[in-house]
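In what follows, every heavy atom counts, from backbone to side chain, and hydrogens, waters and symmetry copies are set aside. Chain letters run A, B, ... following the sequence lines, proteins first, then strands; residues in each count from 1.
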Number of protein chains: 2
Amino acid sequence: METITNKQRKVNMPGRGMMSPGWGGKFRGCGYRMTLPRQAILNVLQKTKKHLSAEDVYMEAHKIFPHLGLTTVYRTLELLTDMGELNKFDFGDGRARYELMEISEEDHHHHLVCTKCKRIINYSDFVDEELEFLKRAEKGLSKKYNFEINNHIIQFYGVCDKCKKSK
Amino acid sequence: METITNKQRKVNMPGRGMMSPGWGGKFRGCGYRMTLPRQAILNVLQKTKKHLSAEDVYMEAHKIFPHLGLTTVYRTLELLTDMGELNKFDFGDGRARYELMEISEEDHHHHLVCTKCKRIINYSDFVDEELEFLKRAEKGLSKKYNFEINNHIIQFYGVCDKCKKSK
DNA sequence: AAGTTAATGAAAATTATTTTCAATAAAAAG
DNA sequence: CTTTTTATTGAAAATAATTTTCATTAACTT
């Protein structure tokens, strides 16, 4: 596990493999700056397929950039969410959970949430018919309510296989 | 605004008009008891079409049953949610919001959430095609993952009419 | 009417998240 | 490359929603 220090800054800057290019531009395009803490946080978000909480992100990013503070994690997650680059979820366990858009998009899925054990199952079945439905709904809704739709969430709640068996 | 006192208990018990019959039975069927605080809370939930927070419910129910405590509101809302009688939502404003299943069902709708002003628009368009999609998804998912689906959430996030205009 | 036990409310505790503010470091300017 | 500007940072304190504790009360049972 390599850590990022200030001296290594240029080596680890976007476009050199550690990071998909473009993040710096995205930030700067919105008037923000690309910083080491933000890089570390993005690295963590890009490497996982899990739904991390702010604390989870902090623990992981802290390994790469030890000086990182939890506050900065919260701020960065909020920023990315506002920029539309990050999906924020509530699975009912009392903390927000996050997933990069980038990842949701290349692997379009929704969630089955077990209300007993809080397990999350990603599913990507029915994507075709779902996209069909979503496309029409979005078009119709944005017209009728003059509402600009940027994102959507579909979640099913119920009892998972394991919890059904352990009853 | 009438308040409920202990002396009025029998008068106000379910089945006498203040309350749709059956709540007492539902509670007892699950091993719980029908109590005055719960009646007051249910009254509030049944009278509104808004998405109330725990605090909202407390303020309203407190008018009917002044001895009520906020803790009891939280407990009752959790209980009803676990019983599958109440939908719990997170619209991103830092507090949970609730809506009786009873009401969601008789007026099936989903939500447009404005990420700028947090306004919630209920919509019930596309319900037919949606039901079609949901029915198939639920059947397929419950078979493939052996997941018992009890509920679902669909939310669209974006910018509402007013916020678009005030840009 | 008395007994059993779930439910209650006040206060304290917990916990995720936000705010404050002086110090730091990106990007811009010279 | 140095200086300037200003966004960003992290530690600590503050906030606010929700949960827990525990002695008391009141639903339902007998």
If you draw a 6.0 Å radius around CE in A:Met101, do more than 12 non-hydrogen atoms from other residues or ligands fall strictly inside? yes
Is B:Arg33 touching bases, backbone alone, or none of the nucleic acid, heavy atoms closer than 4.0 Å? base
Between D:dT8 atom C1' and A:Ile41 atom CD1, what is the distance in whole Å? 11 Å
Between B:His67 and A:Gly94, who's closer to the 5' end of DNA chain C by nearest nucleotide? B:His67
Starting at atom CD of A:Glu78, determine the distance to atom P of D:dA7, rounded to an integer number of angstrom. 17 Å
Whole Å only: how far is the CG atom of A:Asp90 from the C1' atom of C:dT15? 15 Å
Phosphate oxygens OP1/OP2 of D:dT18: is one of them under 4.0 Å from a side-chain N or O of B:Arg95? no
Please tell me which of the listed nucleotides, D:dG10, C:dA27, D:dT8, lies nearest to the side chain of A:Arg38? D:dT8
Minimum-distance nucleotide (side-chain atoms of B:Tyr32 versus C:dA7, D:dC28, D:dT9): C:dA7
Heavy-atom nearest nucleotide on DNA chain D for B:Pro37 versus A:Thr76: which residue maps closer to 5'? A:Thr76
Give a yes or no on whether a salt bridge exists between B:Arg95 and B:Glu55, defined as a side-chain N under 4.0 angstrom from a carboxylate O. no
Which nucleotide in D:dA11, D:dT8, D:dT18 has an atom nearest any side-chain atom of A:Arg75: D:dA11
Using a cut-off of strictly less than 4.0 Å, decide whether A:Tyr74 has a side-chain nitrogen or oxygen near OP1 or OP2 of C:dT17. yes
Determine whether B:His51 and B:Glu99 satisfy the following criterion, side chain to side chain donor-acceptor pair (under 3.5 Å), listing intermediate values before the conclusion. CA-CA 6 Å; B:His51 306 96; B:Glu99 181 174 84; 3.0 Å; yes
What's the CG-P distance between A:Leu70 and D:dA13, to the nearest Å? 16 Å
In whole angstrom, what separates A:Gln39's CD from C:dA26's C1'? 12 Å
Whole-Å distance separating the CG atom of B:Leu36 from the P atom of D:dA27: 5 Å
Given 3.5 Å as the limit, does a donor-acceptor pair link the side chain of B:Thr72 with the main chain of B:Leu68, or not? no
Side chain of A:Thr71, heavy atoms from C-beta onward: which of D:dA27, D:dG10, D:dT18 has the nearest atom to it? D:dG10
Considering every strand and a 4.0 Å limit on heavy-atom distances, what is the contact class for A:Thr35: base, sugar-phosphate, or nothing? sugar-phosphate
In whole Å, what is the span from the CG atom of A:Leu68 to the C1' atom of D:dT8? 12 Å
Got a salt bridge between A:Asp125 and B:Lys144, using NZ or NE/NH1/NH2 to carboxylate O under 4.0 Å? yes
For B:Glu55 and D:dT15, give me the distance from atom CD to atom P, rounded to whole Å. 16 Å
